[in-house]
Amino acid sequence: MVPVSYYLSLSAVLFTIGVVGVLVKRNPIQVFMCIELMLNAANLTFIALGRFYGTSVGEMYVIFALAVAAAEVSVGLGIIVTIFRTRQSIDLDETALLKS
Amino acid sequence: MTNFQSLNAILPVVIIAITGMIVLLGESCLAFWRRSASASGVVSLLGVIVAGMVVLFRLDEPMLHYKAFNGALAVGPFTQACTLILLLVAGLSVLVALTYLDNRGLNQGEYYALLLFATCGAILMCAANDLIVLFVSVELLSVALYILTGFAKTDKKGQEAALKYFLLGSFAAGFLLYGIALVLGGTSISGLVGTTNLTTMTARIPDTPSFMFMAGLALVLVGIGFKAALAPFHMWAPDVYEGAPTSVTGFMATAVKIGAFAALLRIISHLTGIAHFWLPALEVIAVLTMVLGNLLAVTQVNVKRMLAYSSVAHAGYLLIAVCACSSTVARPEALQAGLFYLLAYGLMTMGAFAVLVYLSSRNHDCETVQDIAGLVKKEPLAAYLMAVFMLSLGGIPPTMGFVGKWLLFSVAMQAHLVVLAVTLAIVSMVAVFYYLRIIWTMCFQDRSAETVGATSVAPTGVQITILISAAMSLVLGVLPAIVYPMLSAAQTLVNHL
Amino acid sequence: MPALILFWILAIVCIGAALTMVTAANPVRSALSLVVCFLALAVYYVTLSAQFIGAVQVVVYAGAVMVLFLFVIMLLNLGAPVTSSTKGSNQNTAAVALGAILLLVLFISGIFFEIPGKAVSPATAQAQGTVKAVGLTLYNPHLPWLFPFEATSLLLLVAVVGAIVMTRRQV
C-alpha cells in the first residue's frame, strides 16, 4: 500500500499550483479554475486521511466541500456572465472602475 | 440532545430560514405580494423580530448550555448573545433596504430572502463547534453576499465588486478547507482518526502540537482573516465596499465581521493551551491591521472607501480581544469586551451607512466627501446623527465606541499585551482626525453647485434605522451596564462556550 | 509495488495537467487540462477504495462543473487567448516565491506525516467507501454530520436563487 505521506505531498503540490495560478492568471475564469484545483487538493487529503483509519469520515468532508464548490460555480459563473453582458469583456485589469 | 431538541435549540435560525423561503414563495406565487413594494421587507422584518423574541425569552433555559447535533453546534450563552447582535443588524439592514431598493428601482423580494439566508449563515458561524460546520456556514454567508453585491445588474461598479469579492472569497475558502484537512490530519492519535470538533480537538492537542496541526491552523486563520479583512488580507475590502450597493455594504461590513470574530474567539478560546504558538503571529497581524487601516483611511475622499478602511482598523481593535483570550485570567473579560465592541461596531457602522442611504437619490448615490459638504444647513438632523456615528467610530465619549475601546484597552492591559494597548491608544488619535474631518466637512464646507443633494423618496425605513442606531449608541455609551448581564452570562459559562 | 507504480504514473498525469492548466493562455485548454487532472484524482479515489467519491468526482467535477465552465467559455466566446494571460513579471515572481514558501511548509507537514499506530488492512478499508457505508455515516443520528448536511441544502437553495437572480434579464 502506498504510504499516506505520498498522498499528502501530492495534494500539497496541487494546492500550491492552484494558489500560484490564482495569483498569476488574469482571466477570471482561469483564476476560478485554479480555485477549484485548490479545493480538490483538500479533498484528496481528506480521503487519504480517512482511508488509512478505515473510516468514512474523509468522505463526509468531501461531500460538503463538493456541495460548496457546486454552489460557488453556479453563482460565480452567473456573475461572470452578467459582467460580460454589461461590458463585453471580463478582463478586469483593462476596464477597472474601482481603483484606489 | 436528540435531533428534535437540537433543532429546537437553534429555533431562531430555523425561523429566519423559513421566513426567507416564505418570501421567495410569496414573491413567485402571489400576485398581490409582487405588486406591493414592501410586502417582502415587512415579512422579513417580522421574521427577524420573532426570532429575536425567541432568543430573548429563552435566555435562561438550561437546555441552551449544551452542544446541539452531537457537537456540531454550540448553543450556549455566547452563541445567544452573538445571535441577538446579528438579528439586530439584520433587522436594521432590512429597514435600510426598504428605502434603498425603492430608491434604486431594485425592488425584488429575492434581496430580502438572500439577506435572511446570509443572516442564517452568520449565526451558524457564531454557533459552529466543528470546523466543517464553520466552513459550510461561512460559505452560506459568502455566497449570499456575492449575489447581493452584484444585485444591481446594470451597475458596472457593483458587478466588478461582486466578481472581486467572489474570487477572493473563494480563494479564502480554499485556504480554509485545506487548513481543515491539515487539522484533521494533525489531530489524529494512535488508532483514532483526527477530528475537527473544537471540543474534542482541545483534548487531543499535546503541549507541542505537530507541525501539520500548526500549518493547518495557520491556513484556517488565513481563511478567516480574508473574510474579516485583516491586514495583509484586506485589499479586497475597499473596492468591494465601494462598489456594492450601500445597503449591502452596511450589512456586509457588520454581519461578516460579527460572524468571523465570533468564530475566531471561539476557536482561539479552545487553543489557550498552545497560546505561545499563535499569540505572536496574531499580535503582529493586530498591530499591522490597526496601523494600515487607520493610515489608509486618512487619504480617502470617498466616504464608503473611508468606512471600508475604518472597518479594517476596527477589525484590528477586535483582534485585541482575540489575543487577550490567550490568558486564562483575562479571558472572561476579553470575551465580554469583544462582544460589546461587536455590538458597538455593528450599530455605528450600520448607522453611518444608513445616513449615506438616506442622502442618496434615485440617480445619485451619496458617496464622496463632496456629497455631504454643508449638510448641516440642508439636513441638520441627519448631519447631527452622522456626527454621533463618527464620534462613536472615533471612540469619543459619551458614545458606545468610547466604552468599547476602553474595555478593549483594559483587557489588553490585564492580559499584559502592552504593545497592543499602546498601539490602540496611538492609532485612535489618527482615527479621530479623519472622523472629525467628515464632521468638519458637514459643518463648514460649502456645497458645490453641481451636487443635487436630494434625499431618498421613501425614507421611513432608513430613518428608523438611523434613530435606533444613534439612540442605542448614545444610551449604551452612557449606561453600558444595561447589556452587561447578557454579556456576562456569555462569559460566566466559558466552559460551555 | 504495482500500487506504487500506479501512484507515480497518476501523479505525473495529475501534476502535469495542473501545470498545463496554469500555463495555458487559452481558457479552453485550461479547462480540458483540469478535466484530466480531476479524472486522475478520481482514479486515486478508487485506488484508495473510496468508490463512491470516485464516481461523484467524475459525475460532479469532471462532468457537471467542467461542462459548465466550457459552456460559459463558449457562450461568451472567450476561446481566443487574451493578449497576455498573466499579470506583470514582477507580480509573477512574487507569486512564485510565495508559492515556493507555501509548498515547503505544506510539504514538510505532509512528507513526514505518519499514521500514529497501525494502519488498517486494505480489506477493512474496502468496506468503508461504498455508498452504504457513506450513507450510514452521513445520516447516523449519533454523529455530527447531519447538521452540516442540512446547512448545505440551504446553501444550494441560495446558489439556485443566486444563479437565477444574476442571469435573469432586467424586467
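Letters go in sequence order (proteins before strands), and every chain restarts at 1.
Of the two parts of B:M21, only the side chain, counted from C-beta on, holds a non-hydrogen atom closer than 4.5 Å to a non-hydrogen atom of chain C. For chain B, the nearby part of C:L157 is the side chain; its heavy atoms alone come within less than 4.5 Å. With a threshold of 4.5 angstrom between heavy atoms, B:L141 does not approach chain C through any atom at all. Contact of B:Y178 with chain C is made through the side chain alone, with heavy-atom distances under 4.5 Å. Heavy atoms of B:L182 lying under 4.5 Å from chain C belong exclusively to its side chain. Residue B:L114 touches chain C through its side chain alone, counting heavy-atom pairs closer than 4.5 Å. Neither the backbone nor the side chain of B:L7 comes within contact range of chain C; no heavy atoms are under 4.5 Å apart. Heavy atoms of C:L154 lying under 4.5 Å from chain B belong to its backbone as well as its side chain. Neither the backbone nor the side chain of C:L156 comes within less than 4.5 Å of any heavy atom of chain B.
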Worksheet item: Given the rule in the side chain to side chain contact (heavy atoms under 4.5 Å, CB included) test, do C:L106 and B:L219 qualify, once you have shown the distances and angles that lead to the verdict?
Response: CA-CA 10 Å; C:L106 297 182; B:L219 289 186; 4.0 Å; yes
Practice prompt. Quick one: do B:N70 and C:L143 satisfy side chain to side chain contact (heavy atoms under 4.5 Å, CB included)? Show the steps, please.
Written response: CA-CA 6 Å; B:N70 306 307; C:L143 289 175; 5.5 Å; no
Discussion item. Set out, in order, the CA-CA distance, both residues' side-chain angles and the distance that settles side chain to side chain contact (heavy atoms under 4.5 Å, CB included) for B:I132 and C:W145, then state yes or no.
Written reply: CA-CA 9 Å; B:I132 194 68; C:W145 309 116; 4.0 Å; yes
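Distance check, rounded to the nearest 0.5 Å: CG of B:L124 to CG of C:L155 gives 11.5 Å. Atom-to-atom distance recorded for B:E110:CD and C:M166:CE is 12.0 Å, nearest 0.5 angstrom. Annotation: the span from B:D130 atom CG to C:F147 atom CZ amounts to 11.0 Å, rounded to 0.5 Å.
Contacts with chain C were tallied for B:V193, B:N129, B:T2, B:N3; B:N3 has the most, counting heavy-atom pairs under 4.5 Å. Put simply, of B:A218, B:A215, B:G185, B:G71, the one with the most heavy-atom pairs under 4.5 Å next to chain C is B:G185.
Considering only heavy atoms from C-beta on, B:F69 stays 4.5 Å or farther from C:P144 through its side chain.
Counted within 6.0 Å of CZ on C:R29, heavy atoms from surrounding residues, nucleotides or ligands total 12 or fewer; the atom is thus considered open.
Residues C:V105 and B:F211 approach most closely at O-CE2, 3.4 Å, considering heavy atoms.
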